[in-house]
Amino acid sequence: MKKGALLLLAMAMCPVMLAGCGSQAPVEKTKVTFQTWNPADSGPDSPIYKIIDEFEKENPDIDVEYQYVGSSSHQDQLRVKLMGGEGPDVFGISAGASFEAFRDFEEDLTPFCKQTWGDNYQDKFLASCLANVNDGNGNTYGLPLGQTYAGYLWADVNMMKENGCEIPTNYSEMLETCKTLRANGQFPLAIGAMDSWLNLDMWMTIAADVDRDALYNAIDGKQSFESEPIIESLKIWQDSFSNGVFQDSAISMTLYNEVNDMFQREGSIPMFANGSWAMNMYTLSDEETKANFNGEGKDHDIFLIDWNDDGKVAPVTASTDVILCMNPESKVKDAAFKWMSYLVTAGQDVLVNQYLEYMPTLSDMELHVEGLSEDGQKNLEYIVENGKTNVAGVRGIQYAELSTAVCDQLEALALGDVTPEEAAAKIQQVSESVAR
Amino acid sequence: MRKRQMLNYFYVAPMLLLFAAFIVYPIIYNVRISFFEWNGISKEMKLVGFQNYIELFQDPILIRILINFLVFSFSTIIIQGILGMFFASLMRSGLKMSGLYRTLIYLPIVATPTIVGSVFSKILETNKGYLNEMLRSAHLDSLALPWLATPALATMWVIIVNIWQWTGYSMLVYYTGMLNIPTEVYEAADIDGASRLQRFFFVTFPMLRSTHFTIFIMGMIGSLKTFDIPYVLTGGGPNHATEFFSTYINTLSFETFNQGKASAVVTLMLVIAMAITAVQLRIYYKQEKG
Amino acid sequence: MAPVRVEMKRKQKHNKDLVIHILCIIACLIFMYPLIVMFRKSLSVNGFKNYSVVFNSMTLHKNFFNSCFIVGSVLLIVFVVLSLSAFAFSKLEFPGKHILYYVLLMGMMMPTAALVFPVFMTVKQFGMLGSRFSVVLPYAALSTCFNLMMLKNYFDTLPDALMEATYIDGGSNFKSFIYVMLPLAKPGLAFTLIQTFLLSWNELQLAMTFITDKAKLPLSVIPIYFSAKTGSAQFPVQVIFAALIICLAPIAIFYVFASRFMVEGMTAGAVKG
């Protein structure tokens, strides 16, 4: 009996022993590992592979090993690998709370930047992007790849016309338009309000429209959230769920892929809320999107409205889409930086001018998107123009706890569980406990 | 005899090894983290004693989670149990095509969270969802409700989708349990002239005692750990209405970067699971001896 | 009994069966409806071309092989480890048995989210990171914990008298385990192996964290390449669904196969109580 049991035990344990003797391949090139959720891997034709190929051609001694992880698990995985001492040499991270939280695993890139681009390297990037990647002392911990603007609305102009509507310019027009659309059995302004980040984007643009300084001072802790402009913005937000501006049950719909698909692929809704990154609808190659955006006579508009009817159109908020960071434990820092700096310059040019994945973060980059339709070009110009003159400030709230508190209250307001005053009070309560 | 008993350890040794290697450390690690203030990534950790637990017990969301857990566990265990038993006994009674039915009822279990999320949001969407379109075309407009946007209804749907997915599991557990009931027992019952129902209540049901226990404990622990369905269907919302232990752990670690509190939730979960299991096992062994 | 009454009874039974069949079919339709919706979606716009998109953009055969390898190893380990320990906890006596059993059950109470980092460190210690084996033992550990109670309770329902019978014949515990108990436990074992297959085939969180080389990843992680949740949605939903169905088909096939085994266990299970 003993023998039998031991045999079974040995059988059970043999994979352990087998695994012990893994093989090691000889390495000649410098290998730089790179993990990110964006730019994404969408098959062998993905832009990122073209960029890597080009880079390796220019730098035959470096081998970039790219690993794509979906956005839902990228951060968790990255955390585990970094803490376990197995982190990639270069990784992408989103701006705001995540970038702050990962600080211990972000190499100070200032010396590398100076070496590559000179002492005035900061001039190379847009000021709003630097705000995302610098610490309080002006040291740079990441390279900004791709600028995005949030707070925009999109409309299918043809569909609006069919329903006898024009693109609204302010809230009262929006209200009327939504009533007409609803009467015709159409969706009003669609929003994927199950995504709290989208709620935050939309509310920030509303609040910045009411009073830009009141919003950002409150976020920085210099002012209370229980101020008149903030409460007004919360009221506009809440009203939009009950007065018919947003679609019914907006709170249970996600932007990706629910609301977005209706607009991008089905072409079944006239308006929806999404940021500047949705410009890639003009470059995506799947048949439905292509037919809907680049087909004969198709006309879509990206637009902003005046949320509080004071005659001034709402501003947008801006942030870096992906921040490229270097692992301080990397053993190939020079090669890693070479790759990062390539991706953020030549690589970004491909991502922007061929795929329109985002707006540029480089101050001197020219926009000449290949094959963009006239309709797309018009929208692109609108975004660029607003990017120059109509940015309220940083997108999102970098203090995780405060951000969660705001998102929670936006949801509670949408359900009608709290009044704008109560919501502001609750946010303020959390705001006071945040260490800034 | 003593030596013989010691030899019996060899049977459980491989499992103990696996357990020691992969389960013990995570448990210790989580309990330890729960005493720290930590964002889950930085190299700095601050020992704060029971602060995370104090915060957790003052958190109004915890009450919501506990209520959801109770409502969810009892309704899913009972309904899944009844349905599972019902289908299993049909399969066991040698119904024609029962193999096919069994396969089809079990199939939802293979659906991954992505499928559950995208399919059910298409079905349950308020404005143009399949369910509401069906109701409207049947002129039942008043029944076409905002299914996932109302807290109570959203909770209900989380439960229904869970039942949809896991009834096949209960069915199979009961089915395997029924395979063990000797046919002679049924024959004896038949001779006594018992009807189908009588046979079920007086023979099958009591003989499945250990299966009921399995189903109950598995159901309780499954409910404690439930994550996928609320996560994809409602994201724990609207406004935390469908928040469960695991969804809250997820929010705490990845959205608020509050790993210490997240670990406190894990520990609390573990304590609850162990308490439930301890009570169950005690009853189980008592009845076995009695 | 008059022949007429027998005839009536048969007819009644026939009607009853018909009612049950209708009931079953309705139930099946309800259970299948969401899956039918999924299948229809996977064919929308481009029909079966959606499937070829998936096949063309990924080297699926490699990932399929990896999954088979991983799941095969897990099944083997779980089969041996689980049946031994479930048998021991049910039929054998040794000091501290109840406590040990209780402690082992903790393994199924841990939420996966809380496991990733500590298990990662353990796997790293073993020097297995990056290999296909890195996930095998963690999966095996989780599956045995998850199924221990199920199988132990199944063994509990098998009469102890059978063990004693072997002793009288001069056999050992191990002999009665191999020749008597294991064959009788076939249905329970088949069930736990189905669950193990399901868990290890669908798992992707650990796999993605432990294995970085795309060529070594199992099939389960493939759908995430098609469903970018934030930012650009490169692939339309129907392609994501096609990818999901490709990944799920093997489970369905395995299930049909394994449930045969279960039924076989029933006919072989000559339990004479």
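Here is how names work: the chains are called A, B, and so on, in the same order as the sequence lines, proteins then strands, and each is numbered from 1. Atom set for the values below is all heavy atoms of this structure, side chains included, hydrogens, waters and symmetry mates excluded. Computed from a prediction, not measured in an experiment: that's the story for all the values here.
- Both the backbone and the side chain of B:M274 come within contact range of chain C, with heavy atoms under 4.5 Å apart.
- Within the 4.5 angstrom heavy-atom criterion, only side-chain atoms of B:F120, from C-beta onward, approach chain C.
- In this structure a side-chain-to-backbone donor-acceptor pair under 3.5 Å is missing from B:N8 to C:L92.
- For B:Y101, the parts lying under 4.5 angstrom from a heavy atom of chain C are both the backbone and the side chain.
- Checked against the 6.0 Å centroid criterion, the rings of B:F10 and C:F94 do not qualify as a close aromatic pair.
- Using the six-membered ring where Trp is involved, C:F126 and B:F22 have ring planes that are perpendicular, over 60° apart on the 30 and 60° scheme.
- Of the listed residues (C:K41, C:Q125, C:M150, C:M108), the one with the most heavy-atom contacts under 4.5 Å to chain B is C:M108.
- For chain C, the nearby parts of B:T103 are the backbone and the side chain; heavy atoms of each come within less than 4.5 Å.
- A distance of 15.5 Å separates CE of C:M38 from NZ of B:K122, quoted to the nearest 0.5 Å.
- Side-chain contact check for B:L107 versus C:Y255: every heavy-atom pair is 4.5 Å or farther apart.
- Distance check, rounded to the nearest 0.5 Å: OG1 of C:T157 to CD1 of B:I181 gives 9.0 Å.
- Across B:W164, B:Y29, B:Y25, the residue that shares the most heavy-atom pairs under 4.5 angstrom with chain C is B:W164.
- With a 4.5 Å cut-off on non-hydrogen atoms, B:V173 touches chain C through its backbone and its side chain both.
- Side chain of B:Y11 to backbone of C:S83: no donor-acceptor contact under 3.5 angstrom is found.
- Pairing each heavy atom of C:C24 with each of B:L90, the nearest pair is SG-CD1, 3.6 Å.
- Looking at B:I115, the atoms closer than 4.5 Å to chain C (heavy atoms on both sides) sit in the backbone and in the side chain alike.
- In this structure, no portion of B:I33 lies under 4.5 Å from any heavy atom of chain C.
- Side-chain contact between C:Q195 and B:Y169 is present, with heavy atoms from C-beta onward closer than 4.5 Å.
- Ranked by heavy-atom pairs under 4.5 Å with chain C, the first of B:V110, B:V266, B:I23 is B:V110.
- For chain B, the nearby parts of C:Y154 are the backbone and the side chain; heavy atoms of each come within less than 4.5 Å.
- Between C:M149 and B:F213 the shortest side-chain heavy-atom distance does not fall below 4.5 Å.
- Listed options C:I251, C:L35, C:L115 were ranked by heavy-atom pairs under 4.5 angstrom with chain B; first place goes to C:L35.
- Proximity to chain C involves both the backbone and the side chain of B:M218, based on heavy atoms less than 4.5 angstrom apart.
- For the pair B:L18/C:L137, a side-chain contact is recorded, criterion being any heavy-atom separation below 4.5 Å from C-beta on.
- Residue contact with chain C, scored on non-hydrogen atoms closer than 4.5 Å, involves the backbone of B:I163 exclusively.
- Taking the side chain as every heavy atom from C-beta outward, C:F31 and B:F87 approach each other to under 4.5 Å.
- Contacts of B:I109 with chain C are made by both backbone and side-chain atoms, with heavy-atom separations under 4.5 Å.
- Counting only heavy atoms from C-beta outward, the side chains of C:L84 and B:M15 never approach each other to under 4.5 Å.
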Practice prompt. Let me see the working for C:Y101 and B:V12 under side-chain contact (heavy atoms from CB on, under 4.5 Å), right down to the final yes or no.
Written response: CA-CA 10 Å; C:Y101 175 61; B:V12 291; over 6 Å; no

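- In terms of heavy-atom pairs under 4.5 angstrom with chain C, the leader among B:N250, B:I217, B:I249 is B:I217.
- Of the atoms belonging to C:F146, heavy atoms from both backbone and side chain fall under 4.5 Å from chain B.
- If you measure heavy-atom distances from C:L23 to chain B, the contacts under 4.5 Å come from the side chain alone.
- C:T144 touches chain B through backbone and side chain together, each having a heavy atom under 4.5 Å away.
- With a 4.5 Å cut-off on non-hydrogen atoms, B:A278 touches chain C through its backbone and its side chain both.
- For the pair B:Y130 (side chain) and C:V37 (backbone), a donor-acceptor distance under 3.5 Å is absent.
- Side-chain contact, C:N153 with B:T214: a donor N or O sits under 3.5 Å from an acceptor N or O.
- For chain B, the nearby part of C:L100 is the side chain; its heavy atoms alone come within less than 4.5 Å.
- Contact of C:I245 with chain B is not made at all, since no heavy-atom distance falls under 4.5 Å.
- Checking side-chain atoms of B:Y9 against main-chain N and O of C:P95 turns up a donor-acceptor pair under 3.5 Å.
- Interface remark: B:L172 contributes backbone and side-chain atoms alike to the contact with chain C (heavy atom separation under 4.5 Å).
- Using a distance-only test at 3.5 Å, with no hydrogens or angles considered, a donor-acceptor pair links the side chain of B:N30 to the main chain of C:A114.
- For the side-chain contact (heavy atoms from CB on, under 4.5 Å) with C:M106, the lone residue among B:I27, B:T277, B:V24 that qualifies is B:I27.
- When heavy atoms are compared at a cutoff of 4.5 Å, C:V116 does not approach chain B at all.
- Looking at heavy atoms from C-beta onward, B:F227 lies out of side-chain contact with C:P111 at the 4.5 angstrom threshold.
- Residues C:L105 and B:L281 form a side-chain contact, since some pair of their non-hydrogen atoms from C-beta on lies under 4.5 Å apart.
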